[in-house]
Amino acid sequence: MTPVAIPVALTAASWDAALEETLSCAAERAFADGTRATALSARTPAHVHSVHRRVVNVLIDDALVALASLDVDDAPATVRVPVEDWVRLGVTQDSPVAVSADRIELAGDSHDVVVSLTGARAWSASASDLERLGVDELTSASAVLDGFRASEPVTPFGLAARELLVARTARLRRELLDGDARSVHAAASSLIGLGEGLTPSGDDILTGLVFVAAQPGALLSRRMPSLVAAIRDGRTSTGLLSHVTLSHAAEGRARQSLHDLAGSLVSGDLDRMRSIASAILEIGHTSGADILTGIRLALDVERSLRASRSAAATPPTESRISLD
């Protein structure tokens with residue numbers, strides 16, 4: 001008699017509350033197809049997209065869901081699970097995935113992995129209202145973040161990409177301040193897919209930028225239609241993971257550490273901002289530094305826009321004519 005492998009049962013610590021609709025809809029479709037959630041089969045169009053030590057990305061219909069270790073932030077479409085190494089659990093790319101409203105099952109090489117969402121903390125992204133920020137506050141915040149930069153690239157490709165990133169980021173700044181919708185779209189599009197890694201540096205810079213621009217009260221929000229269009233049109237210019245991350249950021253949703261940074265900006269707590277920025281810097285090889293570059297860009301442009309608005313709102317000083 002063939003022994004039955006015992007599934008590895010895990011309980012999630014937290015999950016993105018916005019996933020409830022994704023999982024419920026997938027489960028309902030499976031039930032409607034007559035394939036109940038009782039065994040791993042092709043009952044939902046879900047499979048493992050990619051496997052890394054700390055994260056397994058699962059594709060459920062068109063939604064990319066991350067199963068992440070506990071040392072990863074809460075984030076959009078993310079379930080945090082007490083796993084140190086997903087690779088050692090035997091989960092492989094393209095393995096089938098079963099979905100129900102309260103659990104996700106992955107087929108492993110020697111056993112299945114069942115992640116239960118029951119009792120897990122539901123995470124929701126919180127917005128930060130930037131309306132009351134003044135030029136001085138933005139200047140101080142930019143000065144803090146200016147101390148967190150990526151190390152210089154060492155490979156020929158990295159050096160070439162870095163030069164392009166600097167030039168194209170400067171171009172985007174100019175267009176955000178003075179360009180029309182088409183030029184902003186073109187400048188943002190030129191960054192998508194530029195650089196190395198699962199989330200190229202150009203994408204990470206845009207992630208930081210649009211995350212800030214999408215917060216309530218940001219003057220940069222007037223540029224969001226062009227930025228969102230560039231992200232949408234650049235779908236085939238970058239990888240799925242990076243595109244999804246950009247799309248979430250354009251909705252004002254990102255890793256919790258970015259929300260914490262925005263909160264420290266609003267509260268004016270610069271010491272807390274330094275601590276959070278230091279943690280963000282540790283994301284990936286250069287992703288954290290590039291995201292911070294995008295946030296600095298957003299704060300710089302926001303500062304200029306607010307300074308211009310203040311200047312326009314200030315009535316001219318009357319000249320005094322001596323009657324003596």
Side-chain angles (χ1 to χ4, degrees), residues 12 14-37 40-52 54-68 72-81 86 91-107 113-115 117 120 122-125 185 188-189 192-193 197-200 202-204 206-207 210-211 214 224-225 227-255 258 287:
S14 61
W15 67 305
D16 180 9
L19 281 174
E20 182 175 1
E21 182 178 357
T22 299
L23 300 181
S24 295
C25 289
E28 288 172 5
R29 279 192 297 273
F31 185 86
D33 291 341
T35 51
R36 293 176 180 273
L40 277 171
S41 62
R43 61 183 179 279
T44 62
H47 64 273
V48 174
H49 173 269
S50 54
V51 182
H52 309 278
R54 298 194 302 163
V55 178
V56 168
N57 292 305
V58 175
L59 196 60
I60 303 173
D61 295 327
D62 294 327
L64 193 67
V65 177
L67 304 180
V72 175
D73 289 11
D74 281 306
T78 297
V79 180
R80 296 173 63 246
V81 186
W86 286 98
V91 178
T92 57
Q93 186 175 2
D94 295 325
S95 296
V97 173
V99 179
S100 63
D102 61 355
R103 67 181 183 178
I104 301 173
E105 300 177 51
L106 299 81
V113 178
V114 181
V115 177
L117 305 179
W123 172 83
S124 296
H185 181 285
S189 297
I192 295 177
L198 291 173
T199 55
D203 296 19
D204 288 329
L206 281 178
T207 292
V210 299
F211 170 73
M224 282 300 288
L227 295 170
V228 170
I231 293 169
R232 181 193 63 233
D233 297 343
R235 166 65 187 85
T236 59
S237 299
T238 192
L240 177 61
L241 174 61
S242 195
H243 175 74
V244 168
T245 301
L246 275 167
S247 298
H248 284 306
E251 296 174 348
R253 287 165 41 84
R255 297 173 68 129
L258 270 67
S287 286

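Side chains included, hydrogens not; waters and symmetry mates left out as well; all remaining heavy atoms used. As the structure is a prediction and not an experimental result, all values here were calculated from the model. For reference, positions follow the sequence shown, starting with 1.
A distance of 7.5 Å separates CD1 of I60 from CG of L19, quoted to the nearest 0.5 Å. Interatomic distance, OG of S50 versus CG of L240, reported as 8.5 Å (0.5 Å rounding). Rounded to the nearest 0.5 angstrom, H49 NE2 and L64 CG are separated by 6.0 Å. The OG atom of S100 sits 7.5 Å away from atom CG of L117, with the distance rounded to the nearest 0.5 Å. Note that CG of D62 and OG1 of T22 are 10.0 Å apart. Values are rounded to the nearest 0.5 Å.
The shortest side-chain heavy-atom distance between V48 and T92 does not fall under the 4.5 Å cut-off. Under the 4.5 Å side-chain criterion, counting only non-hydrogen atoms from C-beta, L67 is in contact with L106. Two residues are said to be in side-chain contact when any heavy atoms from C-beta on lie closer than 4.5 Å; W15 and L23 meet this criterion. For the pair H52 and N57, the minimum side-chain heavy-atom distance is below 4.5 Å.
Heavy-atom minimum distance, A214 versus A250: CB-O, 3.6 Å. Closest non-hydrogen pair, A77 versus D16, comes out as N-OD2, 2.7 Å. Pairing each heavy atom of L258 with each of F211, the nearest pair is O-CE2, 3.5 Å. In terms of heavy-atom proximity, P200 sits nearest to S242 at CD-OG, 3.6 Å. In terms of heavy-atom proximity, A12 sits nearest to V79 at CB-CG1, 3.5 Å.
For the side chain to side chain contact (heavy atoms under 4.5 Å, CB included) test, residues two or more places apart in sequence or in another chain that qualify with T78 are A66, A68, A75, R80. Scanning for side chain to side chain contact (heavy atoms under 4.5 Å, CB included) contacts around A125 gives W123, R253, H259, with sequence neighbours left out.
In E251, the CD atom is crowded: over 12 heavy atoms of neighbouring residues, nucleotides or ligands sit closer than 6.0 Å.
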Can you give the donor-acceptor pairs under 3.5 Å from side chains of residues 230-238 to other protein atoms, not counting sequence neighbours?
residue	atom	partner	partner atom	Å
D233	OD2	H185	NE2	2.9
T238	OG1	D203	OD2	2.6

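Remark: the T199 side chain and the T245 side chain contain no N/O donor-acceptor pair separated by less than 3.5 Å.
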| task | Take H248 and T207 through the test side chain to side chain contact (heavy atoms under 4.5 Å, CB included) and record every step on the way to the result. | result | CA-CA 9 Å; H248 284 306; T207 292; over 6 Å; no

